[in-house]
> 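I'd like to ask some things about the structure below.
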Amino acid sequence: EMLKRVGSQVRDSLVDHLRGEGSPIEVTIDSSPRGNGLSAGDRIRYIGEYEVLEEVARGGMGVVFKAQQQKLKRIVALKMILAGRLADEADVERFQREAQAAGQLRHPNIVAIHEIGEHDGHHYFTMDYVEGSSLADRLKDESLSPREAAALLTTLAESVHFAHEKGTLHRDLKPANILIDNNGVPHITDFGLAKVVLPSDDASRAELTASGQILGTPSYMSPEQASGKHEGMGPATDVYSLGSILFACLTG
């Protein structure tokens, strides 16, 4: 436990230091494996067969790049763990869970996962690249009209209902995780806190209720999330978040 705490502190310290350098993962990763990891001052060019074009988003855990898959010549979004080789088992497990949860869902309003992999010790997965901006960015400038907000939430609710029917709870629905493409169509992304809970999956249900850890984003999390009562989480948990998103759309 002591080693885990120290390791976590060292990792967080390094990530903070790299953030202070500007772009925390401006690093060159050649297609051929090499011994050293990410270091400040370099720049990413390739991750496996993917050529990195630009950084498009960054969160507390991961960084998302716009990249081109060389063999298929298609543009994708590539997400990689921010901590790289310093990521602990919990980081990697959550990262892989995100890819697996979203990978089971095929829906026009849910960002599709293409591939999950590892390159030179760095875990990544690729998904559809949505040309546009997030709902959060839009709401910084203006609120939506009641009719537009209702239409948006109808689409989101139907998409979330589809995920629920497949046994997946998102648990982190918020405007930042809603991407709006150039045609005005919303796409749900970031299943980092998702949980696949099927009626026959006793192991998943046991894991879901075992932890008192609070997961989610405070402004959009349900009361059961805020209190860490995982045994009370279900479809209504996501519905509460949808209600919060609707409120944000109407009020800005």
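The figures here come from the full heavy-atom set of this structure, side chains too, leaving out hydrogens, waters and symmetry mates. All figures in this text were calculated on a predicted structure; none of them were measured in a lab.
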> Taking all non-hydrogen atoms of both residues, which atom of A67 and which atom of L78 are closest, and how far apart?
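Taking every non-hydrogen atom into account, CB-CB, 4.3 Å.
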
> Are M221 and F247 in one and the same hydrophobic cluster, where Ile, Leu, Val, Met, Phe, Trp and Tyr link if side-chain heavy atoms are under 4.5 Å apart?
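No.
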
> Quick one: CD1 on I188 to CD1 on I110, what's the gap to the nearest 0.5 Å?
5.5 Å

> Any heavy-atom pair between the side chains of M80 and F65 that's under 4.5 Å?
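In short, these two side chains touch, coming nearer than 4.5 Å.
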
> Is it the case that T126 and Q69 place a side-chain donor and acceptor less than 3.5 Å from each other?
no

> Considering only heavy atoms from C-beta outward, does the side chain of L242 approach that of L156 to under 4.5 Å?
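They are in side-chain contact.
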
> Heavy-atom distance under 4.5 Å between the side chains of H122 and I47, does that happen here?
no

> Regarding Y129 and Q68, is there a side-chain donor-to-acceptor distance under 3.5 Å anywhere?
no

> Under the ring pair (Phe, Tyr, Trp, His ring centres under 6.0 Å) rule, collect the residues that match up with H161, sequence neighbours excluded.
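Residues passing ring pair (Phe, Tyr, Trp, His ring centres under 6.0 Å) with H161: none at all.
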
> Measuring from atom CD1 of I178 to atom CG of L152, what distance do you get when rounded to the nearest 0.5 angstrom?
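The CD1 atom of I178 sits 7.5 Å away from the CG atom of L152.
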
> Can you list the steps and then say if I245 with Y220 is a side chain to side chain contact (heavy atoms under 4.5 Å, CB included)?
CA-CA 7 Å; I245 292 173; Y220 298 92; 4.2 Å; yes

> Go through the steps for V63 and E55 under the test side chain to side chain contact (heavy atoms under 4.5 Å, CB included), then give the verdict.
CA-CA 8 Å; V63 58; E55 180 183 321; 3.8 Å; yes

> Do M127 and V56 share a hydrophobic cluster, counting only Ile, Leu, Val, Met, Phe, Trp and Tyr and linking them when any side-chain heavy atoms are less than 4.5 Å apart?
yes

> Would S241 and D238 count as having a side-chain donor-acceptor pair, cut-off 3.5 Å?
no

> Could you tell me the separation between the CZ atom of F125 and the CD1 atom of I81, rounded to the nearest 0.5 Å?
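Taking CZ in F125 and CD1 in I81, the distance rounds to 9.5 Å.
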
> Could you pull out all residues at least two apart from F162 that satisfy ring pair (Phe, Tyr, Trp, His ring centres under 6.0 Å)?
H107

> Suppose we screen for salt bridge (charged side-chain N to carboxylate O under 4.0 Å, His left out). Which residues come up paired with E142, at least two apart in sequence or across chains?
R138

> Hey, which of D181, N109, N177 is the one that makes side chain to side chain donor-acceptor pair (under 3.5 Å) with H187?
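The side chain to side chain donor-acceptor pair (under 3.5 Å) with H187 is passed solely by D181 among D181, N109, N177.
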
> Hey, are the side chains of L144 and L139 touching, using non-hydrogen atoms and a 4.5 Å cut-off?
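The answer is yes, as the side chains (C-beta and beyond) meet within the 4.5 Å cut-off.
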
> Quick check for you: to the nearest 0.5 Å, what is the distance between K166 atom NZ and L105 atom CG?
8.5 Å

> Could you walk me through whether Q225 and T237 satisfy the side chain to side chain contact (heavy atoms under 4.5 Å, CB included) test, starting with their C-alpha distance in whole Å, then the side-chain angles of each, then the deciding distance to 0.1 Å, before giving a yes or no?
CA-CA 8 Å; Q225 280 179 290; T237 301; 3.4 Å; yes

> Identify which one of D137, T189, D128, V185 satisfies the side-chain contact (heavy atoms from CB on, under 4.5 Å) criterion when paired with L179.
T189

> Measure from the side-chain N and O atoms of T168 to the backbone N and O of H164, and report whether any donor-acceptor pair falls under 3.5 Å.
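Absent.
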
> Can you measure from OH (Y50) to OH (Y124) and round to the nearest 0.5 angstrom?
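OH of Y124 is found 5.5 Å from OH of Y50.
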
> Atom CG in L173, atom CG in L135: separation rounded to 0.5 Å?
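The distance works out to 11.5 Å.
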
> Test of understanding: clusters of I, L, V, M, F, W, Y form through side-chain heavy atoms closer than 4.5 Å, transitively. Do V239 and L153 belong to the same one?
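No, no single cluster joins them.
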
> For residues C249 and S143, report the shortest heavy-atom separation together with the two atoms involved.
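Taking every non-hydrogen atom into account, O-CB, 3.3 Å.
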
> Using every non-hydrogen atom in the two residues, find where Q70 and E49 come nearest and quote the distance to one decimal.
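Closest heavy-atom pair between Q70 and E49: CG-O, 2.9 Å.
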
> One pair to check against salt bridge (Lys or Arg N to Asp or Glu O under 4.0 Å): K79 and D190. What are the steps and the verdict?
CA-CA 10 Å; K79 185 170 185 177; D190 200 345; 3.7 Å; yes

